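Have a look at the structure below, then the notes.
Given the structure is predicted, the values throughout are model-derived calculations rather than measurements.
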Amino acid sequence: MSVTENLTIIQDTIRAACARSNRNPDTVNLVAVTKYVSTERAQEAVSAGILHLGENRVEEGMEKWQVIDGDVNWHFIGNLQSRKVKNIIPAFHFIHSLDRLSLAKELDKRAEEGQTVKCFVQVNVTGEESKSGLTPAELPAFIEDVKQYTSVQIVGLMTMAPYTEDVETVRPAFKQLRELKEQIEQKEYIHAPCHELSMGMSNDYEVAIEEGATYIRIGTSLVGKEK
């Protein structure tokens, strides 16, 4: 199917999930994850009206950034090595995988004058050893510590739920991330407004939306998989 056809189905699903949870569909941002597709397929997504592209490999992301035509918000969604920060700073608008102070320090160091680096803190709410991210217990102190890096702004939290056919089993993880986000919001930090939630992928984004996701990361069911 074309990206446009897939997008229509996903948008209908988003609207239905928002109706069930009494939300405005405009509060849900769709990030097309293009790491497994060509630049041409990514361009097709942008031409179909997608405003957000997500990449998790620095080199491939930069290659696409250089040639994609359109007004696109670029999201880095994978594990980010500190030594590669200098490469992505000019291109990516959001970092979804802030998980250590050394990375915050490097982002602050490499930020251009006056630039705000918008970050989601990655939280491993399920405790899976295969997943990166802070534990919920580590999160409050981390938020406080990031304050020293004045170019870094924590816009929200991100998590990756376990893949499962029974998506209801991941609802508690999404709910917990929302509750953590709300706790930080109540602090009214200048450096960490934390209004956003990046959670939900192709198999579980409906549940994520019902639990408050404001950014969903969709790859296979939107742009397919070519690699």
Heavy-atom side-chain proximity of Asn24 to Cys18 below 4.5 angstrom: no
Atom NZ of Lys84: over 12 foreign heavy atoms under 6.0 Å: yes
Atom of Val3, atom of Ala45 and distance for their closest heavy-atom approach: CG1-CA, 3.7 Å
Check: Lys131 main-chain N/O paired with Asn124 side-chain donor or acceptor under 3.5 Å: yes
Heavy-atom pair of closest approach, residues Ser202 and Gly219: OG-N, 3.6 Å
His52 backbone acceptor or donor facing His93 side chain under 3.5 Å: no
Min side-chain heavy-atom separation Thr159-Phe174 under 4.5 Å: yes
Full working for side-chain contact (heavy atoms from CB on, under 4.5 Å) between His191 and Thr150: CA-CA 7 Å; His191 75 289; Thr150 55; over 6 Å; no
side-chain contact (heavy atoms from CB on, under 4.5 Å) between Ser151 and Gln115, worked out: CA-CA 6 Å; Ser151 294; Gln115 179 182 12; over 6 Å; no
Residue pair Val117 / Asp108, side-chain heavy-atom distance below 4.5 Å: no
Salt-bridge contact Lys35-Glu60 (side-chain N to carboxylate O under 4.0 Å): no
Distance, nearest 0.5 Å, that separates CE of Met1 from OG1 of Thr8: 8.0 Å
Residue pair Thr116 / Gln153, side-chain donor-acceptor N/O under 3.5 Å: no
Donor-acceptor pair, side chain of Gln43 and main chain of Asp69, under 3.5 angstrom: yes
Salt-bridge contact Arg23-Glu210 (side-chain N to carboxylate O under 4.0 Å): no
Trp74 CH2 to Trp65 CH2 distance, which is reported to the nearest 0.5 Å: 9.5 Å
Side chain proximity check, Ile216 to Asn29, heavy atoms < 4.5 angstrom: no
Under 3.5 Å: donor-acceptor pair, side chain of Lys187, backbone of Pro193: no
Side-chain donor/acceptor of Arg110 to backbone N/O of Val85, under 3.5 Å: no
Side chains of Gln122 and Ser97, donor plus acceptor under 3.5 Å: no
Hphob cluster co-occupancy, Met201 + Phe76, side-chain heavy atoms under 4.5 angstrom: no
Main-chain N/O of Leu197 paired with Thr214 side-chain donor or acceptor, under 3.5 Å: yes
Thr164 side chain to Val167 backbone, donor-acceptor under 3.5 Å: no
Distance, nearest 0.5 Å, that separates CG of Asp166 from OG1 of Thr169: 5.0 Å
Value rounded to 0.5 Å, distance of NZ in Lys175 from CE in Met199: 12.0 Å
Nearest-0.5 Å distance that lies between atom CG in Leu98 and atom OH in Tyr149: 10.5 Å
In one Ile/Leu/Val/Met/Phe/Trp/Tyr side-chain cluster, 4.5 Å: Ile154, Phe94: no
Contact summary for Pro136 and Leu180, nearest pair of heavy atoms: CB-CD1, 4.0 Å
Test side-chain contact (heavy atoms from CB on, under 4.5 Å) applied to Val58 and Leu80, step by step: CA-CA 8 Å; Val58 172; Leu80 179 57; 4.2 Å; yes
Step-by-step side-chain contact (heavy atoms from CB on, under 4.5 Å) determination, Val155 to His195: CA-CA 6 Å; Val155 298; His195 298 317; over 6 Å; no
Under 3.5 Å donor-acceptor, Glu106 side chain and Leu103 backbone: no
Linked, directly or transitively: Val33 and Ile209 (ILVMFWY side chains, under 4.5 Å): no
Residues Lys118, Glu196: salt bridge by 4.0 Å N-O rule: no
Residues, nucleotides or ligands: over 12 heavy atoms within 6.0 Å of Met160 CE: no
Beyond-backbone contact of Ser221 with Ile218, side-chain heavy atoms, under 4.5 angstrom: yes
Close side-chain approach of Ile184 and Leu157, heavy atoms under 4.5 Å: yes
Residues which pass ring pair (Phe, Tyr, Trp, His ring centres under 6.0 Å) with Tyr205, listed by chain and number, not counting sequence neighbours: none
Backbone N/O of Arg41 and side chain of Ser38: donor-acceptor pair under 3.5 Å: yes
Shortest non-hydrogen separation from Asp204 to Ala161 and the atoms involved: OD2-CB, 3.9 Å
Val121 side chain reached by Leu139 side chain, heavy atoms, under 4.5 Å: yes
Over all atoms of both residues, closest heavy-atom pair of Ala91 and Met62: CB-SD, 3.7 Å
Minimal non-hydrogen separation, Cys119 against Val152, with atom names: SG-CG1, 4.0 Å
Centroid-centroid distance, His75 to Tyr215, less than 6.0 Å: yes
Cluster check Tyr189, Leu134: I/L/V/M/F/W/Y, side chain < 4.5 angstrom: yes
Modelled atom types, side-chain donor and acceptor of Arg217 and Ser198, under 3.5 Å: yes
Any donor-acceptor N/O pair, Gln66 side chain to Glu63 backbone, under 3.5 Å: no
Any Asn6 side-chain heavy atom under 4.5 Å of Val223 side chain: no
Common cluster, Leu177/Tyr163, ILVMFWY with side-chain heavy-atom separation under 4.5 Å: no
Spacing of CD belonging to Gln176 relative to CD belonging to Glu179, to within rounding of 0.5 Å: 7.0 Å
Salt-bridge contact Asp12-Arg15 (side-chain N to carboxylate O under 4.0 Å): yes
